[in-house]
Amino acid sequence: MKLGEEMIEQIRNRKSERRKKFLFLPLIVLSVIIITAALTTLTLYAQSDSNTSDYEEFEQFFQIYDTLSEEYYEDIDQDALVESAIRGLIEGLDDPYTEYMDASETEEFYESVTGDFEGIGAEVRQEGSYIVVVSPMRGSPAEAAGIEPGDMITAVDGESIEGWTANEAVQLIRGEKGTDVTLTVIRGNNAPTDITITRDTIHVESVTYEAYDDIAHVSINRFQEGTTDEFADALDEAAENGNTNLVLDFRYNPGGLLNEAVNMINQFVDRNTEVLILEEGNGQQVSLTTTFNKNDSTDSFENIYIMINEGSASASEVVTGALQDLIDVEVVGVKSFGKGTVQTTEQFSNQSLLKFTHSKWLTPNGTWVHDEGIEPDVELINPDFYRVTILNPDDLFAEGQENETIISLKVALDALGYEIDEINETFDSNLTEQVEAFQEDNDLEVTGVVTGETTDTLVSELRAFILDHDAQLDYLIDYINGEYTAEEIEAIADENAQYIEMIDLHEEMENSEDVE
């Protein structure tokens with residue numbers, strides 16, 4: 001019997017075994033429920049009855065496999081062929097939310113679900129050709145070793161990482177708990193210094209709380225294990241502090257665990273409330289309802305606002321949509337991503353994992369947000385300086401040039417307080433003067449030309465400015481405090497966002513920061 005025939009027989013037997021196994025199970029959780037930028041829940045996946053003829057379409061595949069195994073001019077890696085065939089099968093679905101993960105990818109996937117990983121605990125980003133520390137996490141090995149925001153990491157264990165992406169650097173810096181990693185760091189104008197750090201298990205907090213007078217700003221950056229507990233603690237603290245306005249911030253929240261999303265909704269509504277509808281391919285609908293009493297702290301808030309943007313997807317849309325339908329909330333920001341399908345996972349004996357689309361989800365009122373997103377009640381667009389073109393230090397910009405990137409140069413300098421006469425595509429004499437002023441202020445060679453170190457410094461200064469200025473939140477605070485009506489604050493936001501268009505995150509969901 002050739003391999004193809006053996007595999008057909010194995011598939012038939014395996015399907016029969018799975019059918020017997022699952023038919024005995026009620027509707028229960030089978031494995032981890034996730035909703036990343038792909039929303040995921042686990043429900044019973046019962047296989048339909050089938051006879052052996054269902055596999056006849058695989059005959060050609062197995063024949064090709066056998067032919068290559070026997071007649072290809074070199075030895076072949078059978079595992080690699082099978083792996084690529086599996087990935088090709090997934091690609092044939094043309095579904096960005098269905099994916100196959102090998103053992104190492106599965107491990108990283110579970111880390112994203114739990115919020116726990118092994119590393120040094122620092123957020124980094126790429127700035128030009130360099131990797132720069134955004135901040136060490138509180139209580140992390142990085143903080144204990146003296147890593148500070150702004151530190152430039154030039155090498156890891158003696159290997160230069162200049163020109164690396166943030167993700168590539170993170171993969172090198174991460175490692176097993178208890179092992180050491182040596183970072184070569186430049187701080188300010190000082191000489192490079194080696195800092196050795198012992199890696200540990202790091203937990204990423206998913207909820208942060210800060211108060212602005214009587215406004216509680218609770219930011220939820222992902223839905224992982226324990227997010228609802230963190231969220232409940234934040235609500236309790238806000239209520240104790242006398243905050244009467246609550247802002248739930250889901251901006252750039254790509255999703256996470258579905259049960260955490262449901263439990264978060266449960267903080268605002270009582271048990272047995274329908275908060276989500278799952279609809280399978282056959283049209284059958286299943287309602288998800290809450291199981292606990294609501295959090296009494298929510299009664300302390302007179303007004304509740306939800307912040308969303310183009311990066312708010314899946315679980316964040318589940319919570320936003322449900323609270324829109326069930327209680328009195330006001331949604332502000334810009335239209336959310338629009339991710340309305342549900343995935344389930346199945347893990348195999350070799351620790352690989354299949355995550356596949358199982359159904360779609362609807363809000364309690366039956367709204368399907370897929371590809372549509374959730375429209376805010378008050379539209380607050382971020383200013384242009386949040387969307388400047390990524391500037392390459394190898395490019396050179398000088399007076400007399402005309403191109404779209406010049407707009408980004410002018411927007412960036414204008415945001416940093418330099419006097420730009422007119423924002424357009426022309427590198428004019430006014431821009432030359434302001435570039436020279438910027439170079440003087442930052443102890444750079446005064447040339448009036450934007451390239452190299454000037455570009456890197458401009459990018460760094462703008463990023464620092466963005467980190468210190470949350471324009472959308474500032475708009476919302478002014479609105480909550482009654483300084484502007486909804487129409488007035490929308491007009492102000494529009495006026496500050498007239499030169500650079502928003503990015504369509506259906507085509508490109510950017511994440512400039514990584515955690516290692």
Side-chain angles (χ1 to χ4, degrees), residues 102 104-105 107-109 111-112 115-204 221 252 388-396 412 442-444 450-467 508-516:
D102 61 25
S104 61
E105 292 168 330
E107 183 177 358
E108 293 180 5
F109 171 76
E111 285 179 353
S112 71
D116 294 324
F117 63 93
E118 295 181 349
I120 66 170
E123 294 182 46
V124 301
R125 67 168 178 259
Q126 180 182 357
E127 288 190 4
S129 300
Y130 305 103
I131 301 300
V132 177
V133 176
V134 177
S135 66
M137 297 177 183
R138 189 171 300 174
S140 68
E143 182 184 53
I147 295 293
E148 295 184 3
D151 285 350
M152 182 186 301
I153 304 173
T154 61
V156 179
D157 288 332
E159 180 177 358
S160 173
I161 60 171
E162 184 174 349
W164 288 33
T165 66
N167 184 60
E168 289 170 338
V170 164
Q171 295 305 312
L172 188 60
I173 296 172
R174 279 191 181 185
E176 294 184 7
K177 175 182 179 179
T179 61
D180 289 342
V181 60
T182 299
L183 306 183
T184 302
V185 171
I186 296 177
R187 182 172 300 161
N189 295 321
N190 297 323
T193 302
D194 286 342
I195 300 178
T196 299
I197 307 172
T198 302
R199 300 179 178 101
D200 202 348
T201 299
I202 309 299
H203 177 71
V204 180
N221 59 59
Y252 295 112
V388 299
T389 301
I390 297 176
L391 303 175
N392 188 334
D394 294 332
D395 294 335
L396 185 148
N442 290 277
D443 297 323
L444 301 168
V450 179
T451 190
E453 192 175 1
T454 295
T455 301
D456 284 338
T457 304
L458 180 59
V459 170
S460 179
E461 289 293 308
L462 181 61
R463 287 192 179 277
F465 182 82
I466 290 173
L467 288 174
E508 182 180 1
M509 290 196 72
E510 291 185 342
N511 183 2
S512 62
E513 296 181 4
D514 290 85
V515 179
E516 94 289 339

Using a 3.5 Å distance criterion without hydrogens, assess whether the side chain of Glu162 forms a donor-acceptor pair with backbone atoms of Ser129. no
In Å, rounded to the nearest 0.5 Å, how long is the span from CD1 of Ile186 to OG1 of Thr154? 5.0 Å
For Glu107, side chain to side chain contact (heavy atoms under 4.5 Å, CB included) partners two or more places apart: Glu111
Judged by atom type as modelled, is there a donor-acceptor pair below 3.5 Å linking the side chain of Asp200 to the main-chain atoms of Lys177? no
Residue pair Ala145 / Thr196: nearest heavy atoms and the distance that separates them: CB-O, 4.4 Å
Just how far is it from atom CD1 of Ile466 to atom CD of Glu461, taken to the nearest 0.5 Å? 12.0 Å
Between Ile202 and Pro141, is there a side-chain heavy-atom distance shorter than 4.5 Å? yes
Could you work out, with side chain to side chain contact (heavy atoms under 4.5 Å, CB included) as the rule, every residue matching Ala155, not counting sequence neighbours? Thr184
Partner residues of Ser460 under the side-chain hydrogen bond (donor to acceptor under 3.5 Å, both in side chains) criterion, sequence neighbours left out: Glu127
Any donor-acceptor pair under 3.5 Å linking the side chain of Asn442 with the backbone of Leu444? no
With sequence neighbours left out, the residues meeting salt bridge (charged side-chain N to carboxylate O under 4.0 Å, His left out) with Asp116 are none
What residues form a side-chain hydrogen bond (donor to acceptor under 3.5 Å, both in side chains) with Asp395, not counting sequence neighbours? none
Got a second to check how far Ile197's CD1 is from Thr179's OG1, nearest 0.5 Å? 11.0 Å
Name all pairs fulfilling the side chain to side chain donor-acceptor pair (under 3.5 Å) condition that reach into residues 140-149, sequence neighbours left out, sorted by first residue then second. none
Ile153 side, atom CD1; Ile131 side, atom CD1 - distance, nearest 0.5 Å: 7.5 Å
With rounding to the nearest 0.5 angstrom, report the CG to CD1 distance, Leu183 to Ile120. 5.0 Å
With rounding to the nearest 0.5 Å, note down the distance linking CG in Leu458 to OG1 in Thr451. 12.0 Å
Val181 side chain reached by Arg199 side chain, heavy atoms, under 4.5 Å: yes
Check whether any side-chain N or O of Glu105 sits under 3.5 Å from a backbone N or O of Asp102 as a donor-acceptor pair, and report yes or no. yes
Are Leu172 and Trp164 packed together at the side-chain level, in the sense that at least one heavy-atom pair is separated by less than 4.5 angstrom? yes
Ignoring hydrogens and geometry, is there a side-chain-to-backbone donor-acceptor pair from Thr457 to Glu453 under 3.5 Å? yes
